[in-house]
Number of protein chains: 2
Amino acid sequence: MNIGDVAQLSGLPAKTIRYYEDISLVKPKREMNGYRVFSDADLHKLIFLARARGLGFTIEDCRRLLALYEDKSRASAEVKSVTGKHLSEIEAKIADLQAMHATLTRLSEECAGDHRPDCPILEELGSDEEPKSTHTVQ
Amino acid sequence: MNIGDVAQLSGLPAKTIRYYEDISLVKPKREMNGYRVFSDADLHKLIFLARARGLGFTIEDCRRLLALYEDKSRASAEVKSVTGKHLSEIEAKIADLQAMHATLTRLSEECAGDHRPDCPILEELGSDEEPKSTHTVQ
DNA sequence: ATTGACCTTACAGTTACTGGAATCATTAAC
DNA sequence: GTTAATGATTCCAGTAACTGTAAGGTCAAT
């Protein structure tokens, strides 16, 4: 299969697949004309990667998970550990976003949103005192 | 004030403040020795930026908000519009993260997490069929 | 005169791609 | 047989918002 075929089948852009080769996540063979040739195993890997990335795992997590996937004597504890760390990060991000959301919603509700210049959003951002909630993490 | 002082007072790293000057968010004067000199107005801007960034606004949003802040004849509707778009993006991100979280939690609960190789997490990532939920957005 | 804290610039690296240009290969149409 | 469309290749640059590091200048105190 050529890159267009596996792009279609995995849902990943060809550009991304070339990038994954660059960083050695997949190692397709080459034809005499220089074209990449992807085996079924390569396609399988790409589908694995697409799903893992879709679940928000970093590339390095994906590399680790792929290695575990191919190690038939792995301990499932290792996989669960990677997943657990990722879950914690997701939880932290959700919490941050919810805090931002709460603050912005409060300010937005207080703002008339008309032609007049008075604006509680800008007032809070520019105030001299500590605002009700300031977020340090994005 | 020198950069260390405003870094302290705004909570922003000096490095970040230099970067903000690079991209023209602040324009401190210079002393004869080349050191940056920050006015009270500069400090005020930096605090504004720190808060807006803390609420997850992009740098370009911050630039826009800062311009509105300094435009005493602005319409609060403009500020509310920027904020509203940002709120929608936050909501979308939260939804994505919650979907990932749900999938990963389900898989994690099914995984023994011991010395044995059997692992539902890897099985789903590597399965030939469409998994129960595949996320396209991260 | 020297130490240490603080300031300067410039360049590289981070994450995970994405866009674009220039070129080559393959295939289908005329 | 030539041409055009499609699809492949490489390479370089850009994105967001910084962060790290190196090499060096300045200042206050000892």
Side-chain angles (χ1 to χ4, degrees), chain A residues 1-38 42 45-46 48-66 86 89-90 93 96 100 135-138, chain B residues 1-38 42 46 48-66 85-86 89-90 93 96 100 135-138:
Chain A
M1 296 147 111
N2 284 348
I3 200 165
D5 307 318
V6 289
Q8 192 82 64
L9 292 167
S10 67
L12 292 168
K15 204 101 212 210
T16 299
I17 296 172
R18 287 192 197 100
Y19 171 69
Y20 285 175
E21 188 194 24
D22 266 11
I23 61 173
S24 302
L25 278 177
V26 279
K27 304 190 203 316
K29 298 258 183 316
R30 295 293 179 129
E31 280 181 286
M32 298 116 285
N33 60 14
Y35 284 22
R36 291 170 183 81
V37 199
F38 294 84
D42 289 328
K45 270 193 189 184
L46 289 171
F48 184 102
L49 288 168
R51 287 186 189 148
R53 289 290 299 127
L55 285 168
F57 286 105
T58 65
I59 288 285
E60 287 317 306
D61 279 348
C62 290
R63 198 189 295 281
R64 183 110 197 76
L65 290 172
L66 210 44
H86 183 38
E89 284 163 14
I90 289 176
K93 275 187 199 159
D96 280 344
M100 291 178 199
H135 308 284
T136 32
V137 195
Q138 38 159 327
Chain B
M1 291 184 272
N2 284 347
I3 200 166
D5 306 316
V6 288
Q8 192 82 63
L9 292 166
S10 66
L12 292 169
K15 201 98 215 213
T16 299
I17 297 172
R18 287 191 198 102
Y19 170 69
Y20 286 174
E21 187 193 26
D22 266 9
I23 61 173
S24 303
L25 278 177
V26 279
K27 306 191 198 319
K29 297 258 182 321
R30 297 290 180 132
E31 282 180 285
M32 299 114 282
N33 59 15
Y35 284 23
R36 291 170 182 80
V37 200
F38 295 84
D42 290 327
L46 289 171
F48 185 102
L49 287 168
R51 286 185 189 148
R53 289 288 301 127
L55 285 169
F57 286 106
T58 65
I59 289 285
E60 288 317 306
D61 279 347
C62 289
R63 198 188 297 280
R64 182 111 197 73
L65 290 172
L66 211 44
K85 273 176 201 141
H86 183 40
E89 284 163 12
I90 289 175
K93 274 187 200 161
D96 280 343
M100 291 178 199
H135 309 283
T136 32
V137 196
Q138 40 159 330

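All heavy atoms count here, side chains included; hydrogens, waters and symmetry mates do not.
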Nucleotide N/O of nucleotides 18-20 of chain C paired with protein N/O under 3.5 Å:
{"residue": "C:dT18", "atom": "OP2", "partner": "A:Thr16", "partner atom": "OG1", "Å": "3.0"}
{"residue": "C:dG19", "atom": "N7", "partner": "A:Lys15", "partner atom": "NZ", "Å": "2.8"}
{"residue": "C:dG19", "atom": "O6", "partner": "A:Lys15", "partner atom": "NZ", "Å": "2.8"}
{"residue": "C:dG20", "atom": "O6", "partner": "A:Lys15", "partner atom": "NZ", "Å": "2.3"}

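- Of the side-chain N and O atoms in B:Arg53, one or more sit less than 4.0 angstrom from OP1 or OP2 of D:dC18.
- When the local axes at the two ends of the helix from C:dA1-D:dT30 to C:dC30-D:dG1 are compared, using 5 base pairs at each end, they differ in direction by 30° after rounding to 10°.
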Evaluate the side-chain contact (heavy atoms from CB on, under 4.5 Å) criterion for residues A:Leu66 and A:Lys45: first the C-alpha distance (whole Å), next the side-chain angles of each, then the deciding distance (0.1 Å), finally the verdict.
CA-CA 8 Å; A:Leu66 210 44; A:Lys45 270 193 189 184; 4.2 Å; yes
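- Dashed line: the shortest gap from a side-chain N or O of B:Tyr20 to OP1 or OP2 of D:dA17 is not under 4.0 Å.
- A distance of 11.5 Å separates CZ of B:Phe57 from NZ of B:Lys85, quoted to the nearest 0.5 Å.
- Put simply, the side chain of A:His86 gets close to the backbone of A:Leu55: a donor and an acceptor are under 3.5 Å apart.
- Shown here are the side-chain contact (heavy atoms from CB on, under 4.5 Å) partners of A:Glu21, two or more places apart in sequence or in another chain: A:Val26, A:Pro28, A:Arg30, A:Arg36.
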Derivation of the side-chain contact (heavy atoms from CB on, under 4.5 Å) call for B:Asn2 and B:Glu31:
CA-CA 10 Å; B:Asn2 284 347; B:Glu31 282 180 285; 3.5 Å; yes
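- Here the P atom of nucleotide D:dC18 and the CD1 atom of B:Ile17 are 11 Å apart, to the nearest Å.
- Residue A:Asp42 holds its CG atom at 7.5 Å from NZ of A:Lys29, rounded to the nearest 0.5 Å.
- Distance, A:Leu25 CG to C:dA16 C1': 11 Å, rounded to whole Å.
- B:Arg53 CZ to B:Ile59 CD1: the interatomic distance, rounded to the nearest 0.5 Å, is 5.0 Å.
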Please enumerate all protein N or O atoms sitting under 3.5 Å from an N or O of nucleotides 2-5 of chain D, with distances to 0.1 Å.
none

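- Put simply, CD on A:Glu60 is 16 Å from P on C:dG13, counting in whole angstrom units.
- Distance CZ (B:Phe57) to P (D:dA16): 17 Å, rounded to an integer number of Å.
- The nearest whole Å value for the distance from the CG atom in B:Asp22 to the P atom in C:dA12 is 15 Å.
- Scanning for ring-ring contact (aromatic ring centres under 6.0 Å, His included) contacts around B:Tyr20 gives an empty result, with sequence neighbours left out.
- Residues that satisfy the side-chain contact (heavy atoms from CB on, under 4.5 Å) test with A:Asp22, not counting sequence neighbours, are absent from this structure.
- Rounded to an integer number of Å, the gap from CD of B:Glu21 to P of C:dA10 is 12 Å.
- For the contact set between residues 1-12 of chain A and DNA chain D, defined by any heavy atom under 4.0 Å, the members are A:Asn2, A:Ile3, A:Gly4.
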Please lay out, stage by stage, how A:Phe38 and A:Asp5 fare under the test side-chain contact (heavy atoms from CB on, under 4.5 Å).
CA-CA 9 Å; A:Phe38 294 84; A:Asp5 307 318; over 6 Å; no
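- Every side-chain contact (heavy atoms from CB on, under 4.5 Å) that A:Glu60 has, sequence neighbours left out, goes to A:Thr58, A:Arg63.
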Residues 6-19 of chain B, side-chain donor-acceptor partners within the protein, below 3.5 Å, at least two apart:
{"residue": "B:Ser10", "atom": "OG", "partner": "B:Val6", "partner atom": "O", "Å": "2.6"}
{"residue": "B:Ser10", "atom": "OG", "partner": "B:Leu12", "partner atom": "N", "Å": "3.1"}

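- For residues 30-38 of chain B, proximity to DNA chain D is found at B:Asn33, B:Tyr35, defined as any non-hydrogen atom under 4.0 angstrom from a strand atom.
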